[in-house]
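Quick note on labels: first sequence line is chain A, next is B, and so on, each numbered from 1.
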Protein chains: 2
Amino acid sequence: MTPKKITSSERQQPVNIHDVAERAGVAISSISRVLSGHPDVSDRMRAKVEAAAAELGYEPDFTAQSLRSGATKTIGFIVRDISNPFFGVIAQKCEQELRKAGYSMLVMNSDGDTETEAANIKLLRRRKIDGLIASLVAEDAPKLKAALSELKAPVVLIDREVKGLNASAIIGNHHQGVHDAVADLLRLGHRRIAFVSGSTRVFITRDRLQGFEDAFKEAGVEIPSDLISLGTFDAEFGESETLRLFDLKNPPTALLAGGIGTTSGAMRAWQQLGITPGKDIGFVAIDEWPLFDVFGQQFSSVYRDPAVIGRSSAEIILQSLKGEKPQNVFVETTYMPRESSAGGLA
Amino acid sequence: MTPKKITSSERQQPVNIHDVAERAGVAISSISRVLSGHPDVSDRMRAKVEAAAAELGYEPDFTAQSLRSGATKTIGFIVRDISNPFFGVIAQKCEQELRKAGYSMLVMNSDGDTETEAANIKLLRRRKIDGLIASLVAEDAPKLKAALSELKAPVVLIDREVKGLNASAIIGNHHQGVHDAVADLLRLGHRRIAFVSGSTRVFITRDRLQGFEDAFKEAGVEIPSDLISLGTFDAEFGESETLRLFDLKNPPTALLAGGIGTTSGAMRAWQQLGITPGKDIGFVAIDEWPLFDVFGQQFSSVYRDPAVIGRSSAEIILQSLKGEKPQNVFVETTYMPRESSAGGLA
DNA sequence: GTGGTTTCTGGAAACCTTTCCAATTTAATC
DNA sequence: GATTAAATTGGAAAGGTTTCCAGAAACCAC
């Protein structure tokens, strides 16, 4: 008995390129050329192949394409916590853009941990992602830097600056927004202004701190170093630090909260302390949260648009994939003064 | 000149399994066996291979593994809108669980559109995902059903019921929560209770509607059909419908809003109309949003825990991957009465 | 020391493409 | 119609792994 050729109907497997080639009576390479839009294809060949492919319902295997071509059409997306609505909007807009261009997005949470983050990046490298968009937990962790530099794909960092890495970045002018906010608080009469935010291991915090300090210097007011608490961006830290700060002998009269997590924690702390932000104390939130327009109208904010960040991230990574050099894109950050700034100034 | 064998140092490519085999002086298959934890391996072999792999820093190519083994260690995750914080929490918890088990999550937004959703599913099939977790836009769209049934991987549906599909599901007892809410509103004296939510093309809405109607029937009160508006889950629909309903000659005295998007839209509408929910009218929100504990304390809600949904989704899909049969998991949904229920009852 | 298991290892096929190169066909020119 | 160039096509290698199968080695009992 001669070994019979196995056809797709006998495999329960889907149709593959061989089946199409056989059906169309042409070579495998021709199928590939037609379907990948290669220019050197005659009209007759194109018609034959397309007909055969359609009849059989052929769809190329993505994994095999990836292995052979080296491109996975996949972009890694790493953030601290995708449930944070700010990151959620970034992720949404980013995915929409990437999808239009035929790319998919592999989402990972770093859980605020550099070890996890480094492990994630290593995994993504092994998965041969074409590009990475990340909002890192820290910029200087050696493991992280190692993982990033071993990743051969283009990288877009969101509000981060990693030295010695040839990456693109989306950079907000955080110092500006924070500066304007603090300047306004000072103008209103606040002196004991607290600042709770994530760690200075990331650019965004350093840039904000810069704006914070500049505003004080310009006003000729001493910087209240004891009121600056820079740890992590999560709600737990925001809560405990707010509790601590407002329990000081000489407590703050205003707080600048460094993100949605921090704000969330601060709000919870104030509930426990019986403090009403914007009334008993001055308050400026960095970043706005869902339903802010409803529940936060009275709150001053340092605003930036996550949709822009998401779309830009996608655009830059797509450009890098086309061979363009790494670039930095700047995003506006604006102080939106509202009544809460003047809280606590009886 | 004899063709020299190309080694990894001459390629700029990373080390592959051949290099390790050569270094260890064993066959390729042995490398694979050792590294994939195959039992039939001698201690001596294991030691040799592990040493060689470590020396060369070898890491297996994920794409090649996927092609050969047929498993991509990738789970698709499709929701209407990942920026919705409810889905955000689900996604976060789900990814964390999947990651522990060595799986990654490919996130796609369906943008509330069945065509997009069907296209997404088709793409994921071509990408050979091992499983799919999805909160579908509709259950009956033919293209969608076709795309789902052609997908050979296990599926977990979140609050959806697709007939003729052998899928698992996470099912909330929405009728219960909504029933209790509406019963309470009726008890308080509300009669003109409006219900704005997504379409009845999905189970979750039908289940809610059931609870809504049951409560009326039990109370012997006629169901206010003109106040039931079931369209989409997004804020735009919530806003326009709220505007329309509260502009009726005989407007509602209370609203039950079917999710964070709807609530968001309703809130915006009320702002325009000068209506304060919980005061001028009764209000129950389905699902709670970020900072709800701060800004929403006065609002009654129909609560369910997205973290549980996320974790369960991951668990079920992982069990399916181990060969277990599709199963349904039920999630509690609880009415949390607060002051807003009694709004508008002067 | 033989026969028979059992355990381990090597070789090669298979997974499904893309892409290179050579060969063939077609078109163009004189 | 011959020659050359251009367009198109087929064949086969390559991408990096897993897995099947057969063969080798080790072990055991008699």
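Partner of A:Ile75 under the side-chain contact (heavy atoms from CB on, under 4.5 Å) criterion, chosen from A:Ile133, A:Val107, A:Ile129, A:Leu132: A:Ile133.
Neither side chain, B:Gln96 nor A:Asn109, offers a donor N or O lying under 3.5 Å from an acceptor on the other. Side chain to side chain, A:Arg160 and A:Ser135 meet the donor-acceptor criterion of an N or O pair below 3.5 Å.
Between B:Lys128 atom NZ and C:dC15 atom C1' there is a gap of 11 Å when expressed in whole angstrom units. Between B:His38 atom NE2 and D:dT17 atom P there is a gap of 18 Å when expressed in whole angstrom units. The distance from atom CD1 of B:Ile31 to atom C1' of D:dT17 is 12 Å, rounded to the nearest whole Å. If you measure from atom CZ of B:Arg33 to atom C1' of C:dG11, you get 10 Å, rounded to the nearest angstrom. In this structure, A:Ile17 places its CD1 atom 16 Å from P of D:dA12, rounding to the nearest Å. In this structure, CG of A:Leu35 is placed 12 Å from C1' of C:dT18, rounded to the nearest angstrom. Taking atom CZ of residue B:Arg127 and atom P of nucleotide C:dC16, one finds them 18 Å apart after rounding to whole Å. Rounded to an integer number of Å, the gap from A:Asp19 CG to C:dC15 C1' is 14 Å.
If B:Ser29 and A:Ile28 are placed on DNA chain C by their nearest nucleotide, the residue sitting closer to the 5' end is B:Ser29.
Between B:Lys163 and B:Glu139 there is no salt bridge, since no side-chain nitrogen of the basic residue lies less than 4.0 Å from a carboxylate oxygen of the acidic one. A salt bridge does not link B:Asp130 to B:Lys152: none of the charged nitrogens lies less than 4.0 Å from a carboxylate oxygen. A salt bridge links B:Lys128 and A:Asp61; the closest N-O separation between the charged side-chain nitrogens and carboxylate oxygens is under 4.0 Å.
At the heavy-atom level, B:Ser30 lies under 4.0 Å from the strands shown only through sugar-phosphate atoms.
Comparing D:dG11, D:dT19, C:dT19 by their nearest atom to the side chain of A:Ala27 picks out D:dG11.
Both cation-pi conditions hold for A:Arg127 and B:Phe62: the charged atom is under 6.0 angstrom from the six-membered ring centre and inside a 45 degree cone around its axis.
At most 12 non-hydrogen atoms from other residues, nucleotides or ligands lie less than 6.0 angstrom from NZ of A:Lys143.
Between A:Met108 and A:Leu123 the shortest side-chain heavy-atom distance falls below 4.5 Å.
Listed by residue number, A:Ala64, A:Leu67, A:Arg68 are the residues of residues 57-70 of chain A with a heavy-atom contact under 4.0 Å to DNA chain D. Annotation: proximity of residues 39-47 of chain B to DNA chain C (heavy atom, distance under 4.0 Å) is found for B:Asp40, B:Val41, B:Ser42, B:Met45, numbered in ascending order.
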